Amino acid sequence: MDTEIELKFLVSDNEVPLIPALITQFAKRVNNKPAKNLQNAYYDSPSRELRALDIGLRTRCADNNCEQTIKLSGQVVGGLHQRPEYNLPLSGNKPDIFAFDANIWPMGMRLESIAENLYPIFSTNFIRRTWLIETNNGGEIEVVLDKGEISASGQTEQICELEIELVEGDRSDLFELADQLLSHIGLRLGFYSKAARGYRLADNLPLTVDKAIGFVPLDDDCTQEQALIATVNYAIEFVQKHEQCYVNEPTLKALKRIIDGIRLIRHAFWLFDDFVAKESTESLKKELKWLLGELQWVESASYLKTYTSKRHAYYKRIHGAPELAQVINDLKDVQPTPTDLEDLFHCSRYNKLILDLTRWLLDKSWRQNWDQQAIKAAQSSAKSKAKRTFDADWKNLRNTFSDSNPLSVGEYLQARGVLEEMLLSGNCFGSIYDSPQRHDFRAPWVDIVFGIHELETLHYLKQLCEGQKETSFVEILTWLQQKADFLISAMEQSRHASLNCEPYW
């Protein structure tokens with residue numbers, strides 16, 4: 001058995017010629033291997049039983065030599081892929097899964113049934129260039145560049161990937177090479193394997209934007225440190241998934257989910273500060289703040305999109321006020337374009353941030369300079385931490401929202417931060433608790449958050465209208481006030497219902 005430890009990057013055609021020179025600069029010694037044409041087929045049963053177990057079964061042929069490979073469930077953190085891998089020679093055209101050691105398979109796997117129903121789901125065909133490099137520290141890294149395509153169900157998808165795999169030595173060499181590459185060419189960390197992309201193509205299941213950030217999967221008996229690792233890893237994956245969603249189809253919804261993922265990482269740093277020292281996250285938080293700044297325009301862009309959508313009542317009002325419509329169109333014209341966003345996702349600073357977060361997790365950097373108190377906190381129950389956090393959040397919410405008098409627009413807007421932090425804590429710890437009770441408690445508060453977003457949409461348009469004397473602007477301001485009053489009335493009902501909910505923890 002081998003365990004792959006590799007970083008995967010997506011590379012554009014115009015960056016490919018720069019790669020050999022960069023590798024040579026980094027390495028003490030380089031062995032440039034001959035290029036190969038690799039033809040691969042991926043097998044599964046019609047019900048995708050291997051896929052459900054996160055097992056990949058592949059045949060590969062090159063230069064009249066064929067092999068079959070099993071890749072078992074592993075770990076992907078921010079672009080670093082670690083998976084157990086088994087390779088055997090193959091004499092025929094179809095894989096023989098009985099040839100592998102019986103001990104590698106998960107308990108209870110229906111091997112005979114799967115073997116009878118195996119068929120090729122999709123194929124990949126690409127040219128592989130390989131460099132084997134020796135690092136200055138005596139390590140060995142294999143660098144491969146794959147260019148070709150994935151084929152499934154009559155459709156194709158291009159492959160242009162750079163993979164750097166640690167063959168021997170310290171993992172830090174892998175990250176140093178990655179840093180060297182990112183500093184000089186526009187790469188993007190690749191989260192999805194060729195197999196994952198092939199299955200999506202074969203089953204016509206394109207990536208879709210999540211409606212919300214969801215809940216970090218945690219075991220009931222996990223420690224605080226395990227909860228931290230799970231949360232940051234979940235958030236990195238969430239960011240990378242929606243980065244790819246945006247590249248596939250540019251939407252504001254995808255960018256909003258990226259922002260959600262970034263905020264979850266920052267929240268985790270704060271949430272687990274009993275054992276995560278500020279010094280260990282200082283540079284990361286600085287870069288996360290930079291990235292949020294780069295995406296700050298997304299919120300106002302979502303307001304402008306609402307105003308110009310024919311599905312919303314705003315459209316008719318604004319359409320009747322040409323001056324206002326022009327102001328809105330001018331604001332939309334200065335927004336970053338999809339090309340600008342793709343440049344951001346390919347830039348060195350963004351990808352180094354994802355890489356640094358990955359390395360922070362893998363190296364467990366928060367453990368530096370630990371004292372006994374921090375060790376005790378890290379090893380303590382995540383569920384007890386959740387209860388303390390939720391109790392404090394609940395007290396804070398009741399202080400913020402329990403006023404018997406109706407809250408004003410301004411008061412709701414000011415309360416947004418408190419409410420969103422409480423909901424983020426629930427995203428971190430919520431999976432530990434009963435799902436229906438959790439939903440019943442959170443639903444009214446989520447409604448209030450949506451209400452606050454609507455109020456902000458109204459408030460932004462009000463700011464664009466204020467100071468204008470035309471009759472159409474005055475009419476719109478009156479209409480906006482009526483909408484705000486109606487919205488506040490509905491939110492007041494949710495507020496009172498929320499305060500009467502039974503805490504689920």
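Predicted model, so just to flag it, every value in this text is computed and none were measured.
- Side-chain atoms of Ile121 and Arg51, non-hydrogen and from C-beta on, never get closer than 4.5 Å to each other.
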Full working for side-chain contact (heavy atoms from CB on, under 4.5 Å) between Tyr307 and Leu331
CA-CA 12 Å; Tyr307 305 150; Leu331 288 170; over 6 Å; no

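- Among all heavy-atom pairs drawn from Glu466 and Leu477, the shortest one is CG-CD2, 4.2 Å.
- Under a 4.0 Å N-O distance rule, the pair Arg263/Glu420 qualifies as a salt bridge.
- Judged by distance alone, the side chains of Tyr412 and Glu492 do bring a donor and an acceptor atom under 3.5 Å apart.
- Of the possible donor and acceptor atoms, one in the side chain of Ser309 sits under 3.5 Å from a partner among the backbone N and O of Arg311.
- For Lys385 and Phe390, the positive end is not near the middle of the six-membered ring at less than 6.0 Å and at most 45° from its axis.
- Using modelled atom types and a 3.5 Å distance limit, the side chains of Glu421 and Trp270 yield no donor-acceptor pair.
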Worked check of side-chain contact (heavy atoms from CB on, under 4.5 Å) between Phe191 and Glu237:
CA-CA 8 Å; Phe191 179 67; Glu237 289 185 8; 3.4 Å; yes

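- Counting all heavy atoms, side chain and backbone alike, Tyr234 lies closest to Pro217 at CD1-CD, 3.6 Å.
- The backbone N or O of Phe175 sits nowhere less than 3.5 Å from a side-chain atom of Asp179 that would complete a donor-acceptor pair.
- A salt bridge does not link Lys256 with Asp260: every distance from a Lys NZ or Arg NE/NH1/NH2 to an Asp or Glu carboxylate oxygen is 4.0 Å or more.
- A 4.5 Å side-chain heavy-atom check between Leu22 and Gln25 finds at least one atom pair inside the cut-off.
- Closest non-hydrogen pair, Ile19 versus Leu145, comes out as CD1-CD1, 4.2 Å.
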Would you sort out whether Leu407 and Arg495 count as a side-chain contact (heavy atoms from CB on, under 4.5 Å), showing the intermediate values?
CA-CA 10 Å; Leu407 298 183; Arg495 176 169 74 96; 3.6 Å; yes

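- A donor atom on one side chain and an acceptor atom on the other are found under 3.5 Å apart for Ser12 and Asn14.
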Identify each donor-acceptor pair in which a side-chain atom of residues 199-215 lies under 3.5 Å from a protein atom, sequence neighbours left out, and give them as a table.
{"unit_1": "Tyr199", "atom_1": "OH", "unit_2": "Asp44", "atom_2": "OD2", "d": "2.6"}
{"unit_1": "Asp203", "atom_1": "OD1", "unit_2": "Arg48", "atom_2": "NE", "d": "3.3"}
{"unit_1": "Asp203", "atom_1": "OD1", "unit_2": "Arg48", "atom_2": "NH2", "d": "2.5"}
{"unit_1": "Asp203", "atom_1": "OD2", "unit_2": "Arg48", "atom_2": "NE", "d": "3.1"}
{"unit_1": "Asp210", "atom_1": "OD1", "unit_2": "Lys241", "atom_2": "NZ", "d": "2.6"}

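- With a 4.5 Å cut-off on side-chain heavy atoms, Val144 and Arg129 do not count as touching.
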Take Phe269 and Trp360 through the test ring-ring contact (aromatic ring centres under 6.0 Å, His included) and record every step on the way to the result.
CA-CA 12 Å; Phe269 290 162; Trp360 185 84; 5.1 Å; yes

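- Of all the heavy atoms in Lys332 and Thr308, the pair that sits closest is NZ-OG1, 3.1 Å.
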Assess the residue pair Tyr350 and Trp290 against the criterion (ring-ring contact (aromatic ring centres under 6.0 Å, His included)); give the C-alpha distance rounded to whole Å, side-chain angles, the decisive distance to 0.1 Å, and a yes or no.
CA-CA 9 Å; Tyr350 171 80; Trp290 160 77; 7.3 Å; no

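- Separating the CG atom in Leu291 from the CG atom in Leu353 is a distance of 6.0 Å, to the nearest 0.5 Å.
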Take Trp479 and Tyr314, measure what ring-ring contact (aromatic ring centres under 6.0 Å, His included) needs, and give me the verdict at the end.
CA-CA 10 Å; Trp479 177 73; Tyr314 294 100; 5.5 Å; yes

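- A salt bridge links Arg171 with Asp363; the closest basic N to acidic carboxylate O contact falls under 4.0 Å.
- Formation of a donor-acceptor pair under 3.5 Å by the Arg266 side chain with backbone atoms of Lys289 is not found in this model.
- Of the charged side-chain nitrogens involved, none lies within less than 4.0 Å of a carboxylate oxygen, so that Lys352 and Asp356 do not count as a salt-bridged pair.
- Taking CG of Asp219 as the start and CD1 of Ile432 as the end, the distance is 9.0 Å to the nearest 0.5 Å.
- Between the Arg257 side chain and the Phe238 main chain, no donor and acceptor come within less than 3.5 Å of each other.
- Enclosure of atom CD in Glu411 by more than 12 non-hydrogen atoms of other residues, nucleotides or ligands within 6.0 angstrom is indicated.
- When the shell of 6.0 Å around NE2 of His319 is examined, it contains 12 or fewer heavy atoms from other residues, nucleotides or ligands.
- Scanning all heavy atoms of the two residues, the minimum distance from Ile476 to Cys465 falls at CG2-SG, 3.8 Å.
- Formation of a donor-acceptor pair under 3.5 Å by the Arg398 side chain with backbone atoms of Leu499 is found in this model.
- Between the side chains of Asn125 and Asn40, no donor-acceptor pair is found at a separation under 3.5 Å.
- Under the 6.0 Å cut-off for aromatic ring centres, His453 and Tyr303 qualify, their centroids lying closer than that.
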Pair up each side-chain donor or acceptor in residues 273-286 with any protein partner under 3.5 Å, not counting sequence neighbours, and list the distances.
{"unit_1": "Ser280", "atom_1": "OG", "unit_2": "Ala277", "atom_2": "O", "d": "2.9"}
{"unit_1": "Thr281", "atom_1": "OG1", "unit_2": "Lys278", "atom_2": "O", "d": "3.3"}

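- Note on ring orientation: taking the six-membered ring where Trp is involved, the planes of Trp505 and Phe441 are perpendicular (angle over 60°, cut-offs 30° and 60°).
- Between Glu456 and Arg416, at least one side-chain N (NZ, or NE/NH1/NH2) sits under 4.0 Å from a carboxylate O, which counts as a salt bridge.
- Under a cutoff of 6.0 Å and an axis angle of 45°, Lys8 and Tyr192 do not form a cation-pi pair.
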Given Lys387 and Asp391, is the salt bridge (Lys or Arg N to Asp or Glu O under 4.0 Å) satisfied, shown in steps?
CA-CA 6 Å; Lys387 187 178 187 313; Asp391 283 342; 3.0 Å; yes

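- Atom CZ of residue Phe486 and atom CD of residue Glu454 lie 11.5 Å apart, to the nearest 0.5 angstrom.
- Atom CD1 of Ile354 sits about 13.0 Å away from atom CZ of Arg349, to the nearest 0.5 Å.
- Looking only at side-chain heavy atoms (C-beta outward), Lys194 and Asp146 come within less than 4.5 Å of each other.
- Residues Met422 and Leu419 are in side-chain contact: their nearest non-hydrogen atoms beyond the backbone lie under 4.5 Å apart.
- The ring of Trp445 has its center closer than 6.0 angstrom to the ring center of Phe401.
- A parallel orientation is assigned to the rings of Tyr42 and Phe122, their planes being inclined by less than 30° (bins at 30° and 60°).
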Show your working on ring-ring contact (aromatic ring centres under 6.0 Å, His included) between Tyr246 and His242 and close with a plain yes or no.
CA-CA 6 Å; Tyr246 186 86; His242 289 93; over 10 Å; no

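- Nearest heavy-atom pair, Gly430 versus Tyr504, reported as atom, atom and distance to 0.1 Å: CA-OH, 4.4 Å.
- Around atom CD of Glu323, more than 12 heavy atoms belonging to other residues, nucleotides or ligands sit under 6.0 Å away.
- Among Glu15, Glu342, Glu243, the one residue that satisfies the salt bridge (Lys or Arg N to Asp or Glu O under 4.0 Å) test with Arg188 is Glu243.
- Residue Gln240 holds its CD atom at 8.5 Å from CG of Asn351, rounded to the nearest 0.5 Å.
- Atom CD1 of Ile328 is separated from atom OG1 of Thr306 by 10.5 Å, given to the nearest 0.5 angstrom.
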